[in-house]
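Inspection log for the structure reproduced underneath, given as structure tokens.
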Amino acid sequence: MRATRGSRGGRGLLKRITSVEEMRGEAATLRKAGQVVGLVPTMGYLHEGHLSLIRLARELSDSVVVSVFVNPTQFGPSEDYERYPRDLARDADLAEEAGCDVLFVPGASEMYPDGHATVVHVKGLTDKLCGAFRPGHFDGVCTVVAKLLNIVRPDLAVFGQKDGQQAAVIRRMAADLDMDVSIEIGETVREADGLAMSSRNSYLSPAERADALAISGALTEAKVRYEAGETDPAAVLDGVRSAIEERPSATVQYAAAVDRFTLEDVGVLGPGTMIAVAVRVGGTRLIDNIVL
Ligand code: PAF
């Protein structure tokens, strides 16, 4: 097994694995030793949001595997695959400090060798919200997550509520394909001023960063209105849209009030309703949501 040591204050025990076969072998050894294995799939450029998921996996498992793979199949042709931020050395140190034991860093040809022809498609849930604006995105996500789950065969896998639609889609996929894994969802982590953490925040100029704050502000205000007795989705969503679009660089792609599990539009706001938005801030597309 190839093992590399962290350089910036990690525990120095992190195993870094690049091949599917080695990853399978390592996971099999852990399972044989009776370890509960947790997997945190990521695309790297780790921030506090990811680290909170790794810490959650650490609490729930004996051994934590974190995958770092910028998955080409979930990016559209005009999206940011090439410029998506990457910093593997830093990721390794941060992941290790947060409690990761094994970092799985496959290359694109390891995950998608010549002849790869299978796509995992979850019907319905993937047509709306982000799926309506990013055709094929969730096929890429489901395919890579299914592959990672098959390679590692973890007892549990942790995803973030920040990607609320992704969480619902992956839960559905795991249930429909009888995957023997528990899907755990960690809370959204925000900057001190409320902006949801995202690797894509690094694209924002200072002015755009200031405008992006309207997103979490509008969602918080929606929750305040709901808690004060407003249950009409249209009224609350109008407020969300206009609060965000007051900012010069922000354009709302969608604002929706849906059930957090089925993603069906709700007629009345209630517990479990997810108010979800996608917003273009300058050239950067940001998503966020709040669950009532
Ligand atoms: O949420 C992400 O970062 C990605 O969609 C995931 C789940 C790692 C699949 O590439």
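Note that this is a predicted model, so its numbers are computed, not measured. All heavy atoms count here, side chains included; hydrogens, waters and symmetry mates do not. Both ligands and their constituent atoms are indexed starting at 1 by order of listing.
Distance alone, capped at 3.5 Å, places no donor-acceptor pair between the Glu221 side chain and the Ala243 backbone. With Glu208 contributing its side chain and Ser205 its backbone, the two residues share a donor-acceptor pair below 3.5 Å. Of the possible polar contacts, one joining the Glu110 side chain to the Val20 backbone as a donor-acceptor pair under 3.5 Å is found. In this structure a side-chain-to-backbone donor-acceptor pair under 3.5 Å is present from His50 to His47.
Between Arg58 and Asp101 there is a salt bridge, since at least one side-chain N of the basic residue sits less than 4.0 Å from a carboxylate O of the acidic one. Using a cut-off of 4.0 Å between Lys/Arg side-chain N and Asp/Glu carboxylate O, Asp232 and Arg225 are scored as not salt-bridged.
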Tabulation required: pairs of a nitrogen or oxygen in ligand 1 and a protein nitrogen or oxygen under 3.5 Å; columns are atom names and distance to 0.1 Å; otherwise 'none'.
| from | atom 1 | to | atom 2 | distance (Å) |
| --- | --- | --- | --- | --- |
| ligand 1 | 1 (O) | Gln166 | NE2 | 2.8 |
| ligand 1 | 5 (O) | Gln74 | NE2 | 3.0 |
| ligand 1 | 5 (O) | Gln166 | OE1 | 2.7 |
| ligand 1 | 10 (O) | Gln74 | OE1 | 2.6 |

